[in-house]
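Here's the structure we're looking at; comments come further down.
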Amino acid sequence: MKYDVCVIGLGYIGLPTASIFATRGLKVFGVDVRPDVVEIINAGGLHFHEPDLDVLVRAAVQSGNLRAGTGPQPADTFILAVPTPFSVGPKGEKIPDLSYVEQAARGIAPHVAAGNLVILESTSPVGTTELMRDWLTDERKKRGLPAVECLYAHCPERVLPGNMLKELVANDRIAGGLTPEAGRVAKELYQRFCTGEIFVSDARTAEMAKLTENSFRDVNIAFANELSLICERLNIDVWELIKLANRHPRVKILQPGPGVGGHCIAVDPWFIVHSAPEVAPLIRTAREVNDSKPHHIVARVKAAAAKLKDPVIACLGLAFKADIDDLRESPAMEITAEIAHGKLGRVLAVEPHVKTLPASLAKLGNVTFATAEDAVKQADIIVLLVNHRPFTAIDRALLRDKVVIDTRGFWR
Ligand code: SAJ
């Protein structure tokens, strides 16, 4: 059977994208290297949490328009939505790891036909769409298959974890073609579900636009984080300061916190730095400021713990941001682990969005999973790491006579 769309990678982006195309009547085949993920999806289930996504996936599978498997199938359009992490080089430099994109491009090579549209959705360094085309072409040659003319485009996603379904439909998008025709055809495809405006551009600009958006945010959060350090030194409430400064009509400072987590903002700026290191000192420094923030919080906890005998330390929140359950690349996890590892005290870890203590913390020995209420009651030091909504229920009277390190300005 020939599909309309074949989506490679059924993670945070690939699965919603595959599902939404399927619910709009296209025949979609989803591919993932993990057989357990394929099985869950074919049963109409979901292997991670995102509000309302379960309903969409179930509808897509039940309609018969979405099937998943571990290998690609022929289709008119192929969409690559695989991870693009970085690896760390010998001098600590961050090097984009494009191995998943290469694997996916080579994997679809035997299945493409002339005129197919091949889209890279993964956030990628400038030039990756061209590499994708080259890997695909090379793989066909290696296999003795005839060369085929395909259309190639980069169409980055912009959805915010926690609000994905709305943003997937409503956000404006960029369709960056290696040729103008590729951009135009990609635009037509996304118009199937996207109510936002779709701008056609070239692939390199589209790649850079995505990196720029997340770097913009990273640099601005770094500004807020640097202000928080300055204010601590000068004994000023940074949240009060930012609130006042933001009353200027052209000032919009973001919020300081315990660091920047997630798989996007803390990663993508490094792709720019890697491509043009000599001319990206600001973007690099912002990354360094944000990456240093967790260590600064741990130093504050250490100083407080040193004044107490056998302190109990409550770490409130483990996710990388408010009201989600995603613990990966989370500064809150990093801080909690560092506190436990440094044996600063007995640690009570609180995360209302997960059921058990993550294994990486459990193995440290001195960390116990607790409810917010128990942790706050028992602790001598309370470290607020994530501004989760359920924490508003904490009785503020319980904070009295305790050391409170509020990294988000939650209780000010
Ligand atoms: N953070 C702060 N202060 C702030 C805002 C955020 O410390 O004022 C922290 C958060 O706590 C979190 C991190 O930054 O640790 C990132 O959170 P986020 O909500 O800003 O962004 P993500 O990583 O969930 O999603 C981002 C979004 N990009 C932009 O807003 C420019 C999203 O639209 C992208 O689609 C996504 O990256 C992605 O996939 O690239």
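The shown structure was predicted, so the numbers you read here are calculated from the model rather than taken from an experiment. Order of appearance sets the numbers: ligands from 1, and atoms from 1 within every ligand. Along the sequence shown, residues are numbered consecutively beginning with 1.
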Contact atoms of ligand 1, heavy-atom distance to [X] under 4.0 Å:
X    : result
L160 : 19 (O), 21 (O), 24 (O), 25 (O), 27 (C), 32 (C)
P161 : 24 (O), 25 (O)
K210 : 34 (C), 35 (O), 38 (C), 39 (O), 40 (O)

Locate the shortest heavy-atom distance separating [X] from [Y]; write the atom from each residue and the value.
X    : Y    : answer
M164 : Y12  : CE-O, 3.3 Å
C264 : P269 : O-CD, 4.1 Å
W239 : D237 : N-OD1, 2.9 Å
V273 : I283 : CG2-CG2, 3.9 Å
K210 : R158 : NZ-CA, 4.3 Å

Among protein heavy atoms, which lies nearest [atom], and at what distance?
atom                    : answer
atom 31 (C) of ligand 1 : N214 OD1, 3.2 Å
atom 3 (N) of ligand 1  : Q255 O, 2.7 Å
atom 33 (O) of ligand 1 : R158 O, 2.8 Å
atom 21 (O) of ligand 1 : I265 CD1, 3.5 Å

Taking [atom] as the point of reference, which of [options] owns the nearest heavy atom?
atom                    : options                : answer
atom 1 (N) of ligand 1  : I221, D218, D268       : I221
atom 20 (O) of ligand 1 : E213, E157, R217, K321 : R217
atom 35 (O) of ligand 1 : L211, V159, N163       : V159

Does [X], backbone or side chain, put an N or O under 3.5 Å from an N or O of ligand 1?
X    : answer
E167 : no
F320 : yes
G261 : yes

Is the shortest distance from a heavy atom of [X] to ligand 1 less than 4.0 Å?
X    : value
T123 : no
H263 : no
C264 : yes

For this session: Consider only side-chain N and O atoms of E207 and T128, and report whether a donor and an acceptor are under 3.5 Å apart.
Result: no

For this session: For H263 and D326, test the side chains for any donor-to-acceptor distance below 3.5 angstrom and give the result as yes or no.
Result: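 Looking only at side-chain atoms, D326 and H263 do form a donor-acceptor pair, the distance falling under 3.5 Å.
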
Exercise. With backbone taken as N, CA, C and O and side chain as the heavy atoms from C-beta onward, which portion of R408 lies under 4.0 Å from ligand 1: side chain, backbone, both, or neither?
Worked result: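 Under 4.0 Å from ligand 1, R408 contributes side-chain atoms alone.
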
For this session: Decide salt bridge (Lys or Arg N to Asp or Glu O under 4.0 Å) for E102 and R106; before the verdict, give the C-alpha distance in whole Å, the side-chain angles of both, and the deciding distance to 0.1 Å.
Result: CA-CA 6 Å; E102 177 170 1; R106 291 190 185 278; 2.9 Å; yes

For this session: Under the salt bridge (Lys or Arg N to Asp or Glu O under 4.0 Å) rule, what do K2 and D76 come out as? Steps first, then yes or no, please.
Result: CA-CA 8 Å; K2 176 134 169 286; D76 292 330; 2.5 Å; yes

Exercise. So, do F271 and F86 have ring centers that fall under 6.0 Å from each other?
Worked result: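 No: the rings miss the under 6.0 Å criterion.
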
For this session: Inspect the surroundings of CZ in R24 and state if more than 12 heavy atoms from other residues, nucleotides or ligands are less than 6.0 Å away.
Result: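 Yes.
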
